[in-house]
Structure formats: structure tokens, C-alpha cells
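Remarks on the structure that follows.
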There are 2 protein chains.
Amino acid sequence: MRRLPTVSDVAEVAGVSRQTVSNVLNTPAIVRPETRERVQEAIASLGYRPHASARRLRTRRSSTIGVRLDPGTDGMSGSLLDRFLHALVERADRSGLRVLLYTAADEDAEIAVFERLLDGADVDALVLTSTHYGDRRIPWLVEHDVRFVTFGRPWGEHDTTDRSHRWVDVDGRAGLHAGTTSLLEQGARRIAFLGWPVGSGTGDDRRNGWRQAMREAGITDLAGLDLQVEEDPQDLGRGGRAVAGLEPAPDAVVCASDSLALGARLALGPDVPVIGYDDTPLARALGFASIAQPLDEVAAAVLDLIGSDEGVHHRLLTPRLVQR
Amino acid sequence: MRRLPTVSDVAEVAGVSRQTVSNVLNTPAIVRPETRERVQEAIASLGYRPHASARRLRTRRSSTIGVRLDPGTDGMSGSLLDRFLHALVERADRSGLRVLLYTAADEDAEIAVFERLLDGADVDALVLTSTHYGDRRIPWLVEHDVRFVTFGRPWGEHDTTDRSHRWVDVDGRAGLHAGTTSLLEQGARRIAFLGWPVGSGTGDDRRNGWRQAMREAGITDLAGLDLQVEEDPQDLGRGGRAVAGLEPAPDAVVCASDSLALGARLALGPDVPVIGYDDTPLARALGFASIAQPLDEVAAAVLDLIGSDEGVHHRLLTPRLVQR
DNA sequence: TTGTAGGCGTTATCAT
DNA sequence: ATGATAACGCCTACAA
């Protein structure tokens with residue numbers, strides 16, 4: 001591999017000092033325009049690029065953010081992380097940030113990874129996904145004064161850690177409210193909700209959106225319509241069976257995820273409207289409506305929060321109902 | 001964020017010179033055991049970790065590999081990249097390698113990214129996915145003497161670039177051969193192949209596996225059984241319609257992808273055996289068989305090839321038929 | 001076996 | 001506005 005030109009090379013060609021070259025790069029304003037131009041020509045002619053590691057060593061910042069690639073995620077919605085990552089990498093690049101991946105089997109392992117990554121100065125900020133109730137990573141990061149942003153709210157925490165925990169999330173409640181309302185407007189009355197057992201922040205939030213919309217429509221008797229199944233990638237029949245077992249049959253079903261929606265769709269056929277969540281390729285392919293998270297906005301907000309030193313510490317974005 | 005301890009700090013605590021500390025880290029063999037131990041204690045007590053950027057600057061290697069997160073991929077099989085990445089990151093970590101992500105809209109943009117990444121010494125090797133016929137990235141990388149491995153064969157190239165292009169791939173032909181054979185053993189005779197139009201290396205390779213198995217079974221009349229559809233995430237009815245239109249109906253269908261298989265499955269119902277490709281969560285969920293790529297092995301092979309200086313320059317792995 | 005000296009490429013500080 | 005000097009943390013000679 002060819003030897004790379006350095007600031008000194010550029011300086012020599014341009015007939016200035018290394019420092020001036022550095023200034024042109026980092027503080028162009030303080031360099032006389034005519035000098036600046038000469039330096040820039042030299043840079044172009046040599047094909048010079050700053051050496052990332054040298055700069056990082058000097059500035060003591062890696063300009064790199066770490067993101068975990070979780071193993072879990074049923075894979076169907078796994079494409080969600082995929083799409084989020086893509087948006088994140090793209091936007092990060094525009095701000096001169098790199099994205100480094102890591103994995104960890106569980107929380108303790110992940111904290112050990114944090115130590116390695118941070119002590120080695122490999123990353124100077126972290127983006128966490130799939131936060132959950134009682135997440136031990138958060139207090140660890142706060143305590144160690146690490147810069148981080150989570151994609152996901154700190155479910156159940158409203159205490160002092162609040163200001164030190166920056167997060168971005170999507171308002172699932174609003175999403176399900178919109179979906180349910182849209183079905184109501186189309187004349188459906190008996191609308192079932194197919195979700196996970198009570199206890200997950202995300203799931204409960206989405207359920208509440210459905211409840212609220214139903215209540216607003218004057219439908220207070222939700223008996224039997226609140227379906228809760230444990231998701232099982234091996235057997236999406238569960239959700240389907242729960243839905244098919246409803247007596248009388250529902251007019252429509254709103255779901256906490258696209259994979260649940262797939263089950264419902266297969267059990268009920270294409271004539272009963274079904275709304276999923278996440279707008280995965282699956283929803284597109286099968287032609288059912290779904291609630292799409294604005295991942296590009298999420299990525300932008302995450303980077304914004306990572307970069308800003310003060311001001312707003314969290315952001316709740318609104319998803320969009322994709323009709324089909 | 002706390003100030004990190006350096007070699008000097010460790011040296012001071014251990015009562016030796018910086019150099020000895022460095023030796024303990026990099027060439028433990030030449031340090032007297034008793035000194036070594038003292039140094040290691042100091043390292044542990046201070047929680048010292050080498051500063052990644054400083055080391056990179058000095059050694060001129062980043063110990064980081066770049067991987068592109070492509071935008072394309074229909075998302076269904078997108079989870080394939082996900083799973084591959086996961087395996088790669090996990091194994092890379094064991095070898096002390098980091099994985100950096102990048103994106104690019106097209107080949108030219110990607111080559112521009114290469115320049116940035118390499119000149120900035122951000123990465124010292126690249127892993128490319130979704131190679132295709134006439135891939136311009138390959139000659140560029142070879143010419144610039146960049147270390148890289150592709151997950152995917154150089155379709156159509158058997159010339160001099162051969163030795164300089166290291167690749168790992170999965171034998172789709174063998175996969176479809178196995179799948180088709182298994183159906184034949186179950187008594188099916190009229191087995192259709194649902195794939196993409198001729199012209200993609202991957203697709204043609206898979207088709208050939210089916211052809212070969214059929215020929216070996218003495219079935220030479222494949223008229224009408226070789227179905228070719230352009231995949232369209234909006235409308236997986238295409239594949240389904242092609243399959244449903246067969247007259248007489250097929251005994252079974254083997255497909256070039258799980259999303260094609262999904263279409264076939266929905267069109268034919270659960271009684272006609274369908275085999276997909278990639279063993280995505282979709283196949284698991286719907287309960288159709290699929291051909292699984294050994295992604296963990298692929299990741300291992302990729303890292304192996306990246307690391308080795310001589311020896312084998314490519315590896316063709318065999319996929320596994322997952323019956324359901 | 002251990003220590004000394006120098007430099008990787010960059011930028012911050014302080015002169016000029 | 002520009003330049004000289006030093007230092008970021010590490011490693012590779014080479015010397016002791």
C-alpha cells in the first residue's frame with residue numbers, strides 16, 4: 001500500500017508550515033484566503049487525507065460511536081435494526097462519525113464490552129437499543145460518565161437519572177391510536193388487539209393506544225378483544241388461533257408487531273383488515289397495513305442528542321400509518 | 001470521563017520503564033517472569049488498557065475491518081446480512097478485530113468511501129457482500145493493493161485477478177441439488193423451480209442444482225417447470241401466480257429465495273411441499289423447509305482468509321437443508 | 001533482561 | 001496571519 005502524504009508533505013508543496021495546513025483544515029477562517037487556496041491546491045494535488053488515528057490520538061476523541069448488534073430480535077422485526085443502522089451510519093457519516101459494531105450475549109457481557117471499548121478509546125459514545133425495564137446498563141453508563149443515547153425509553157424510570165439519560169423513542173401509543181381510529185372510521189366496531197402479555201413497556205404502550213381510541217369511540221366493553229400471546233418464531237399459529245377463536249369474529253385486528261399481524265392475516269384471510277407494526281417487508285409483501293417507525297428521524301435525533309451538550313434530553317417521535 | 005492510565009503510569013507503579021511494560025504486552029516471552037508479574041499487577045490495579053488510536057498510529061494498522069451495510073436487499077433476506085454481520089462481529093472480536101460499518105449508494109460512491117477509509121487508516125481490510133458480474137470494486141481494490149475478502153464468488157471471472165481475489169461463498173447449486181433430491185426421494189416427480197430471470201450468478205447457480213438433480217433422476221423434460229420472475233417486494237403474487245398457473249399442478253416447488261417460497265406457499269397451500277432458500281425467520285414461522293447458509297462458518301472463513309498471507313484463496317461452503 | 005531515544009501524524013499553545 | 005515547539009500514547013530499534 002502506498003505511503004500516504006502527511007501534513008508535512010502538503011506544507012512543503014504549498015510552501016507553508018505544517019501548522020498552517022492544519023489550520024486550513026480545522027480553522028479555515030483564520031487563514032488568509034490566498035494562502036488557504038494554495039494549501040488546498042497542494043492537498044488536492046497530493047491526494048492528502050488526514051490520518052484518522054493520528055488525529056484521534058491528538059484530539060483524544062475517536063469520533064466513533066458504538067452500536068450493539070443484538071442477537072435476539074425474532075429476525076422478522078430484525079430488519080428494523082437493519083434499517084435503523086443503515087440510517088444511522090448514513091447520517092453519522094455526514095457528521096464525520098464512524099459506527100463501530102459490537103455484540104454481547106447478556107447485560108454483564110455488554111458492560112464488560114463497554115469497558116474495553118471506552119478504555120481503549122475506541123468509541124466515545126454509545127447507542128443502545130432494546131432497552132427494558134430495570135436495564136442495568138443505564139446506571140452503569142451514567143455512573144461512569146459515558147456519553148450515550150438509547151433508542152427506547154427508560155420504561156418505568158422517572159427519577160433523578162432522568163436528565164442524565166438521553167433517549168429517542170417512537171410513540172407506539174399514538175401509532176396504535178391512529179391505526180385503530182382509522183379502522184373505526186372505516187366502520188369497524190369490533191376491533192381486537194393482538195399483542196404480548198402485559199409487562200413489556202413497548203407492548204403495554206401500544207395496547208394503550210388501542211384502548212384509548214376505542215374508549216374515545218364509546219366502545220368500553222373490550223372483553224375478549226384484548227389478546228395476549230407470547231411470540232414464538234416457531235409457531236405464529238398462536239396469534240392466529242387466538243384471533244380465529246374470537247366469537248363473534250372481529251371486524252378488524254390491530255397488532256403489536258408485523259409477525260403477529262402475519263399470524264392474524266393468515267388465520268383470517270385478506271378480507272378482515274389487519275394492521276401490523278414496523279412496516280417490515282412482510283407487511284408490504286402481504287399487503288396489510290402497518291405502522292412505520294420513522295427510522296431516519298430516529299437516527300437523526302440520536303445523533304443530535306449525542307452531539308449536543310445541553311438542551312433537550314429526549315425526543316418522542318410519531319410513527320406513520322401506512323395504508324394498503 | 002476519567003483520564004486513562006498510560007504505559008508510563010503502569011511503568012511507574014511497577015517500578016520499571018515504559019518499554020518493559022510494552023514488552024510485557026507485546027512480547028511477554030522476553031521479560032523475566034517476576035518482572036512480568038509485577039507489571040501485570042500494576043496493569044490490573046490501574047485498570048490500564050492500551051489506547052487504540054495510539055497503537056494504530058504507531059503500528060500503522062487499525063485492526064479494523066470495514067463492512068458495507070447495503071441498502072438494497074429486499075429486507076426479507078436482509079436478515080441474512082444481519083445474521084452474517086452478527087457472526088462476523090462475534091468472531092472478529094475474538095481475534096481482536098473491530099468491525100466498522102459504512103454505506104454507499106452505488107459502486108462509485110463505494111469506491112470513494114474506500115479511499116476515505118483506507119487513506120484515513122480507519123480500516124485495514126474490507127469485507128464485501130453482494131458481488132455481481134462485472135463488479136468494478138474488485139479490480140479497484142486489487143489495483144490499490146487493498147486487503148479484502150468477498151462473501152460471494154467473482155461470477156464470470158477466471159483470469160489473472162483470481163489469486164488476488166479472496167472469496168468465500170456458499171454452494172447454492174449443492175443446496176438446491178440436495179433440496180430437489182430430498183423431494184424426489186419423497187416421491188415427487190413434477191418439481192418446479194421458482195427463481196429469478198437468467199443472468200444473475202447466484203440465481204443461475206441455484207437453478208443448475210435443481211436441473212442437475214432432475215436430470216440425475218431421469219427427468220429430462222423440464223418444459224414449463226423453470227419459472228422465472230422478477231422479484232417485487234410490493235407484489236409477491238407474481239411468484240405465486242406463476243406457480244399456481246402450472247398445468248398440471250406441481251408436486252413440489254424449490255425456490256431461489258424464501259420470499260419466492262412465501263409466494264408459492266400462499267398460492268399452493270401447506271399441502272404442496274415448498275423449499276425456500278436462506279432459512280429466514282419467515283420459513284420457520286410458516287413452516288416450510290429451507291436451505292440454510294452456514295453463516296457462522298462463512299464468517300470464520302472470511303476472517304481466516306483476511307488474516308492469512310498465503311495458502312488457499314477461496315472457500316466454497318455447503319449449505320444445509322432444514323426440513324420442516 | 002531492561003532502559004534510552006526517537007518518531008508515527010496530528011493539533012494546541014505560544015511566539016513572531 | 002503564520003510558524004516553532006511540544007505533546008497525545010505507543011512501539012521499534014538499539015544500547016546498556
Side-chain angles (χ1 to χ4, degrees), chain A residues 1-40 42-43 46-64 96 116-122 124, chain B residues 1-40 42-43 46-64 96 116-122 124:
Chain A
M1 223 169 299
R2 62 200 181 286
R3 180 177 110 57
L4 303 169
T6 75
V7 270
S8 300
D9 299 325
V10 175
E12 193 171 348
V13 169
V16 298
S17 75
R18 293 184 309 198
Q19 189 44 34
T20 301
V21 176
S22 176
N23 286 335
V24 169
L25 258 34
N26 303 296
T27 333
I30 71 165
V31 180
R32 193 189 339 150
E34 120 194 8
T35 316
R36 196 193 310 155
E37 200 160 328
R38 228 173 47 242
V39 172
Q40 263 151 356
I43 288 178
L46 290 175
Y48 163 81
R49 307 212 187 238
H51 189 288
S53 291
R55 169 176 284 173
R56 293 206 271 261
L57 173 57
R58 182 61 235 224
T59 59
R60 319 185 107 289
R61 35 173 45 244
S62 67
S63 298
T64 301
R116 284 203 347 250
L117 252 29
L118 294 164
D119 290 353
D122 269 315
D124 40 31
Chain B
M1 223 169 301
R2 61 200 182 285
R3 180 176 108 58
L4 302 169
T6 75
V7 270
S8 301
D9 299 324
V10 175
E12 194 171 349
V13 169
V16 298
S17 76
R18 295 183 310 194
Q19 188 42 35
T20 303
V21 177
S22 178
N23 284 336
V24 170
L25 258 34
N26 304 295
T27 333
I30 71 165
V31 180
R32 196 194 330 154
E34 120 194 9
T35 315
R36 196 192 311 156
E37 200 161 326
R38 226 172 49 242
V39 172
Q40 263 151 357
I43 288 178
L46 289 174
Y48 164 82
R49 309 217 184 231
H51 189 288
S53 292
R55 170 177 281 172
R56 293 208 271 263
L57 173 58
R58 182 59 234 233
T59 60
R60 319 190 108 286
R61 35 168 51 240
S62 66
S63 298
T64 301
R116 284 204 345 250
L117 252 29
L118 295 164
D119 289 355
D122 270 317
D124 39 33

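Letters A, B, ... are given to chains in the order of the sequence lines, protein chains preceding strands, and every chain is numbered from 1. Every value quoted in this text rests on a predicted model; they were computed, and no experiment measured them.
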Whole-Å gap separating P (dC11(D)) and NE2 (His51(B)): 12 Å
Axial bend angle, the helix from dT1(C)-dA16(D) to dT16(C)-dA1(D): five-pair end segments, nearest 10°: 40°
Distance, rounded to the nearest Å, where Asn23(B) contributes CG and dC14(D) contributes P: 15 Å
Distance below 4.0 Å between Thr59(A) side-chain N/O and dT11(C) OP1 or OP2: no
OP1 or OP2 of dT11(C) under 4.0 Å from side-chain N/O of Ser22(A): yes
Nucleotide nearest Leu57(B) (side chain, heavy atoms from C-beta), chosen from dG9(D), dG3(C), dT2(D): dG9(D)
Touch class at under 4.0 angstrom, heavy-atom based, for Arg18(A) against every strand present: base
Touch class at under 4.0 angstrom, heavy-atom based, for Val7(A) against every strand present: base
Validation row: Arg55(A), Arg61(A) side chains within 4.5 angstrom (heavy atoms): no
Between C1' of dG9(C) and CZ of Arg56(A), the distance in whole Å: 13 Å
Side-chain-base donor-acceptor pair under 3.5 Å for Arg55(A) and dG9(D): no
Any Thr20(A) side-chain N or O less than 4.0 Å from OP1/OP2 of dG3(D): yes
Nearest atoms (heavy-atom pairs only) where Arg56(A) meets Ser53(B): CB-OG, 3.4 Å
Pro28(B) versus Arg36(B), closest heavy-atom pair with distance: O-NE, 3.4 Å
Value in whole Å for how far the P atom of dG9(C) lies from CG of Asn26(A): 17 Å
Test item: Asp9(A) side-chain N/O and Thr6(A) main-chain N/O as donor-acceptor pair under 3.5 Å: yes
Nearest-Å distance for atom pair CG/C1', residues Asp122(B) and dG9(C): 14 Å
Ser17(A) side-chain N/O to dA4(D) phosphate OP1/OP2 under 4.0 Å: no
Euclidean distance, atom CZ of residue Arg61(B) to atom C1' of dT12(D) [Å, nearest integer]: 15 Å
Thr35(B) side chain, from C-beta outward: closest of dT10(C), dC8(C), dT1(C): dT1(C)
Position toward the 5' end of DNA chain C (nearest nucleotide), Ala54(A) or Gln19(A): Ala54(A)
Side chain to side chain donor-acceptor pair (under 3.5 Å) between Asp122(B) and Ser62(B), intermediate numbers included: CA-CA 6 Å; Asp122(B) 270 317; Ser62(B) 66; over 6 Å; no
Heavy atoms of other groups near Gln19(B) CD, more than 12 under 6.0 Å: yes
Atom-pair distance (CD1 on Ile30(A); C1' on dT2(D)), nearest Å: 9 Å
Criterion side-chain contact (heavy atoms from CB on, under 4.5 Å) against Asn23(B), the qualifying member of Thr27(B), Leu25(B), Val21(B): Thr27(B)
For atom CD of Glu12(A) and atom P of dG9(C), their distance in whole Å: 14 Å
Among dC8(C), dT10(C), dG9(D), the nucleotide that comes nearest once only the side chain of Thr6(B) is considered: dG9(D)
Given DNA chain C, 5'-ward residue of the pair Thr27(A) and Arg36(B), judged by closest heavy atom: Arg36(B)
Presence of donor-acceptor pair under 3.5 Å, side chain of Arg58(B) and base of dC11(D): yes
Donor-acceptor under 3.5 Å (Thr35(A) side chain, Val31(A) main chain): no
